[in-house]
Amino acid sequence: MRPAALTLTAAAVMAALSGCSSWVCTNTTAERGEAAVEVRIVNASGQFLDSTAEVTDWRLEPHPQAPSQGDQVHFEYRFEGAVELSNPSVDACAVDDSRVALGCVTVHSSQAFGPDGPLTGDAWLTLEHPERATEVLLLPNDQSYPGRTCEQDPKDGGGPHPPEPAGRGDQL
């Protein structure tokens, strides 16, 4: 090895050992998936998980703890294939006939129940105009682990992140 090459190699080794490197922290945000009554859950890297989520029923009725607020959206959901280690979470939104979100909530497989097989649960959406709801849709993006951003942790953060949670007014 020539002296110049040895000097460059030694400098590269010193930079790597000192914590300096050419690593640049970057964040990427996944595309929001297509909303549907039943979805196959996808992680922030775009890979399908071995689990699905489905809205099995929904109705307008007063919440038992706040009946004076009138009708709200009460819906039931099911996670199939959700294992304890992954515990996926997805956004659920009540939408109008143009598929504009009237309100959304994140539902977690870890809060659903079932002895073996599918996990089921229910949730409520408090809406300003519940009478405009025509269906409840799920977004396939797993929201269970947003990860640390480069701003939060420049050394170990970055990488793929789920899209922002869905909210009122979003076109689904």
Side-chain angles (χ1 to χ4, degrees), residues 27-149 152 157-172:
N27 294 309
T28 58
T29 302
E31 294 277 330
R32 182 178 284 170
E34 181 71 27
V37 172
E38 183 175 7
V39 295
R40 187 169 171 203
I41 302 170
V42 63
N43 69 16
S45 297
Q47 300 170 329
F48 286 107
L49 303 180
D50 291 330
S51 52
T52 60
E54 177 184 10
V55 174
T56 57
D57 190 25
W58 76 274
R59 59 201 162 278
L60 292 177
E61 62 185 1
H63 192 289
Q65 295 176 338
S68 64
Q69 292 181 357
D71 283 346
Q72 298 303 320
V73 173
H74 182 204
F75 67 98
E76 297 171 12
Y77 58 90
R78 172 177 51 222
F79 283 92
E80 183 84 46
V83 293
E84 195 172 312
L85 293 176
S86 66
N87 284 329
S89 302
V90 295
D91 290 335
C93 299
V95 298
D96 65 14
D97 55 4
S98 298
R99 293 177 60 112
V100 173
L102 303 171
C104 301
V105 64
T106 302
V107 292
H108 307 271
S109 63
S110 61
Q111 295 175 339
F113 303 95
D116 289 320
L119 302 173
T120 59
D122 72 309
W124 293 83
L125 283 163
T126 302
L127 307 177
E128 189 174 329
H129 296 286
E131 71 282 357
R132 291 180 34 206
T134 58
E135 65 184 330
V136 177
L137 301 176
L138 300 173
L139 290 153
N141 305 91
D142 183 11
Q143 296 286 348
S144 64
Y145 180 71
R148 297 187 55 77
T149 64
Q152 294 167 325
H161 302 281
E164 287 294 317
R168 187 172 61 155
D170 288 355
Q171 178 70 51
L172 303 181

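In this model, no donor atom of one side chain and acceptor atom of the other lie less than 3.5 Å apart for Asn87 and His108.
Panel note: side chain Ser109, backbone Pro88; a donor-acceptor pair is recorded below 3.5 Å. When atom types are taken as modelled, the side chain of Arg99 and the backbone of Ala35 share a donor-acceptor pair closer than 3.5 angstrom. At distances below 3.5 Å, at least one donor-acceptor pair connects side-chain atoms of Asn141 with backbone N or O atoms of Gly33. Side-chain atoms of Gln143 come within 3.5 Å of backbone atoms of Pro163 as a donor-acceptor pair (strictly under, hydrogens ignored).
Counting heavy atoms of neighbouring residues, nucleotides and ligands inside a 6.0 Å radius, atom CD of Glu131 exceeds 12 of them. Arg59 CZ: more than 12 foreign heavy atoms inside a 6.0 Å radius. Heavy atoms of other residues, nucleotides or ligands lying less than 6.0 angstrom from CD of Glu164 number 12 at most. Surrounding CD of Glu31 are at most 12 heavy atoms belonging to other residues, nucleotides or ligands under 6.0 Å away.
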Discussion item. Please determine whether side-chain contact (heavy atoms from CB on, under 4.5 Å) holds for the pair Asp142 and Val90, giving the CA-CA distance in whole Å, both sets of side-chain angles, and the decisive distance to 0.1 Å.
Written reply: CA-CA 5 Å; Asp142 183 11; Val90 295; 5.7 Å; no

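Contact between Leu49 and Arg40 at its shortest, heavy atoms only, is O-NE, 3.9 Å. Nearest heavy-atom pair across Leu127 and Ala94 is CD1-CB, 3.8 Å. Closest heavy-atom contact between Leu172 and Arg32: CD2-NH1, 4.1 Å. Looking at every heavy atom in both residues, Pro130 comes nearest to Asp71 through CG-O, 3.1 Å. Ala112 and Leu119 make their closest contact through CB-CB, 3.6 Å (heavy atoms, listed as atom of the first residue, atom of the second, distance). Ala101 and Cys93 make their closest contact through CB-CB, 4.2 Å (heavy atoms, listed as atom of the first residue, atom of the second, distance).
Under the 4.5 Å side-chain criterion, counting only non-hydrogen atoms from C-beta, His74 is in contact with Asp122. In this structure the side chain of Glu38 reaches within 4.5 angstrom of the side chain of Thr52, judged on heavy atoms.
Ring geometry for Phe75 versus Tyr77: interplanar angle of 30 to 60°, hence tilted. Ring pair Trp124/His63 is tilted by interplanar angle, where 30° to 60° counts as tilted.
In this structure, the separation between CZ on Phe113 and OG on Ser110 is 9.0 Å, given to the nearest 0.5 Å. If you take CZ on Arg78 and CG on Asp57, they are separated by 11.0 Å, rounding to the nearest 0.5 Å. Summarising the geometry, atom OG1 belonging to Thr106 is positioned 10.0 Å from atom CD belonging to Gln111; distances are rounded to the nearest 0.5 Å.
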Could you list the donor-acceptor pairs under 3.5 angstrom formed between side-chain atoms of residues 132-139 and any protein atom two or more places apart in sequence or on another chain?
unit_1, atom_1, unit_2, atom_2, d
Thr134, OG1, Val95, O, 3.2
Thr134, OG1, Asp96, O, 3.1

